[in-house]
S.K.: 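Okay, handing you the structure first.
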Amino acid sequence: MKKTLTALAAGAFVAGLGLASTAFAQDYPTKPITVVVPFSAGGPTDTVARLVAEVMSADLGQQVVIQNVGGAGGTLGAGQVATAPNDGYTLLLHHIGMSTAPSLYRSLPYDPTTDFEPIGLITSVPMTLVARKDFEPSTLSELLEYIKANGENITYAHAGIGSASQLCGMLLMNALDTQMTTVPYQGAGPAMTDIIGGQIDMICDQTTNTTSQIQAGEVKAYAVTTPDRLSNLPDLPTTAEGGLELEIGVWHGLYAPAGTDAAIIARLEAALQAALANETVVSRFAELGTVPVSADEATPAALTETLTSQIALWKGVIEAAGVFAE
Ligand code: MLT
């Protein structure tokens, strides 16, 4: 008899937990949500995050606060979210670095495929080769010859091993079989400040960070890494036009820690889809050379598929490039 009562009590307890969890998820969110951006404020990832967060906040009825956690090419910030409480109040907005870091670091403080709940893709951002405005080369072909001739006398800025700027720089230096002097930053935001100030020679950076500087003549632009020219930068040739085989799109995704309740993930997915359909977001993204993904890509399944396929793709590229993990 005693055993039966114990079993009944245990069953009621577990059922109660389930009901409590469902009730918790149904009321979500009841307080502000933090979105960790694993790079400095004012950079391309931060720009995407703040545009999306503002509209998600309106949809969710709670503040969505951006927390910039720079360092180690985005892996510090990603690691912080991997071990955060899985209550839906700490999220990660990160980019292609989620798929390159596993091949660039011998031991990551997280597994991108098991330590997170994907919520959805956000956008894919083109990259541009830019330099300080008085840099000697004028065209992409002149730039490529100049790099080959001057190698380590040229300084190349990036946002750490695992960042998009480091990935693009690695591909560029491998294509030219020439090493430049690389200078790491906590994000492409501060790197751009030093390019504009003339302290650093060049960077390969996302249009969400370079468009306004190119249009203002604050930097010299050589090419965009997309198959076709961009409507917001029509005079900027593609890398292919300049004879450089280097195409890269920096895809971005939104994640929660593993184990986050499915109802919370669904609520966040709906808020993300609403943000990406918002006309202010769409028009601002267009000004910056990018477009939000469609609703069927702003989903856990689409982000999972992109993440796993990109991890495999970049593993092969990075190993072929002979780049050894940190
Ligand atoms: C940033 O937001 O600072 C950039 O995404 C850094 C990078 O990946 O190059």
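Numbering of ligands and ligand atoms starts at 1, following listing order.
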S.K.: Among all protein non-hydrogen atoms, which one is nearest to atom 3 (O) of ligand 1, and what is the separation to 0.1 Å?
M.R.: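 Nearest neighbour among protein heavy atoms for atom 3 (O) of ligand 1, to 0.1 Å: Ala188 N, 2.7 Å.
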S.K.: Please write down residue, atom name and distance for the protein heavy atom closest to atom 2 (O) of ligand 1.
M.R.: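 In this structure, atom 2 (O) of ligand 1 has Thr45 OG1, 2.7 Å as its nearest protein heavy atom.
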S.K.: Would you confirm whether Thr239, through its side chain, and Leu246, through its main-chain N or O, come within 3.5 Å as a donor-acceptor pair?
M.R.: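 Indeed, once roles are kept as given, a pair shorter than 3.5 Å links the two residues.
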S.K.: Consider ligand 1: state whether an atom of it lies below 4.0 angstrom from any non-hydrogen atom of Gln166.
M.R.: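 In this structure, Gln166 fails to qualify as a contact of ligand 1 - no heavy atom is under 4.0 Å.
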S.K.: Going by the atom numbers of ligand 1, which of them fall below 4.0 Å from some non-hydrogen atom of Ala159?
M.R.: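 So the atoms of ligand 1 that pass are 6 (C), 7 (C), 9 (O).
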S.K.: Under 4.0 Å from any heavy atom of Ser165, which atoms of ligand 1 are there?
M.R.: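 Under 4.0 Å from Ser165, ligand 1 has these atoms: 7 (C), 8 (O), 9 (O).
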S.K.: Residue-level breakdown please: for His158 versus ligand 1, do any non-hydrogen atoms fall below 4.0 Å on the side chain, on the backbone, on both, or on neither?
M.R.: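 For His158, there is no contact with ligand 1 at all, from either part.
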S.K.: Looking at Asp261, is its backbone amide N or carbonyl O close enough to the side chain of Tyr28 to form a donor-acceptor pair, meaning the two atoms are under 3.5 Å apart?
M.R.: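 No, Tyr28 side chain to Asp261 backbone: no donor-acceptor pair under 3.5 Å.
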S.K.: Go through ligand 1 atom by atom and flag the ones less than 4.0 Å from a non-hydrogen atom of Gly187.
M.R.: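 In order of numbering, the contacting atoms are 3 (O).
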S.K.: Assess the side chains of Thr208 and Thr47: does a donor N or O sit below 3.5 Å from an acceptor N or O?
M.R.: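 Thr208 vs Thr47: no donor-acceptor pair found between side chains.
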S.K.: Report the relative orientation of the aromatic rings in Phe135 and Tyr222; use parallel for angles under 30°, tilted for 30 to 60°, perpendicular for over 60°.
M.R.: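 Geometry flag for Tyr222 against Phe135: perpendicular rings.
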S.K.: Quick check on Ser40 - does any of its heavy atoms sit under 4.0 Å from an atom of ligand 1?
M.R.: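 Under 4.0 Å: no for Ser40.
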S.K.: Taking atom types as modelled, find out whether Ser40 and Asn68 have a side-chain donor-acceptor pair closer than 3.5 angstrom.
M.R.: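 There is no such pair between these side chains.
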S.K.: Would Gly43 count as a polar contact of ligand 1, with the cut-off being nitrogen or oxygen pairs under 3.5 Å?
M.R.: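 No, no N or O pair falls under 3.5 Å.
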S.K.: Among protein heavy atoms, which sits nearest to atom 4 (C) of ligand 1, and what does the distance come to when rounded to 0.1 Å?
M.R.: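 So the nearest neighbour among protein heavy atoms is Pro44 CG, 3.5 Å.
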S.K.: Using a 4.0 Å cut-off to any heavy atom of His95, which atoms of ligand 1 qualify?
M.R.: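 Answer, ordered by atom number: 5 (O), 7 (C), 8 (O).
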S.K.: Would you say Gly189 and ligand 1 have an N/O pair spaced under 3.5 Å apart?
M.R.: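 No, there is no polar N/O contact under 3.5 Å.
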S.K.: Apply salt bridge (charged side-chain N to carboxylate O under 4.0 Å, His left out) to residues Asp59 and Arg267 and explain how you reach the verdict.
M.R.: CA-CA 10 Å; Asp59 186 86; Arg267 182 67 189 89; 3.0 Å; yes
S.K.: At less than 4.0 angstrom from any non-hydrogen atom of Gln206, what atoms of ligand 1 do you find?
M.R.: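 Checking each atom against Gln206, I get 4 (C), 5 (O).
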S.K.: Looking at Asn86 and Ala258, would you say the former's side chain and the latter's main chain have a donor-acceptor pair under 3.5 Å?
M.R.: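 Yes, because the side chain of Asn86 sits within donor-acceptor range (under 3.5 Å) of the backbone of Ala258.
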S.K.: Side chains of Thr30 and Tyr89: is there a donor and an acceptor less than 3.5 Å apart?
M.R.: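 Distance-only check passes for Thr30 and Tyr89.
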S.K.: So does Glu54 pair up with Arg50, basic N to acidic O under 4.0 Å?
M.R.: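 So Glu54 does not pair with Arg50 through a salt bridge.
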S.K.: So if I count the atoms of ligand 1 from 1 in the order they appear, which ones are less than 4.0 Å from some heavy atom of Ser163?
M.R.: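 Within the 4.0 Å cut-off of Ser163, ligand 1 contributes 7 (C), 8 (O), 9 (O).
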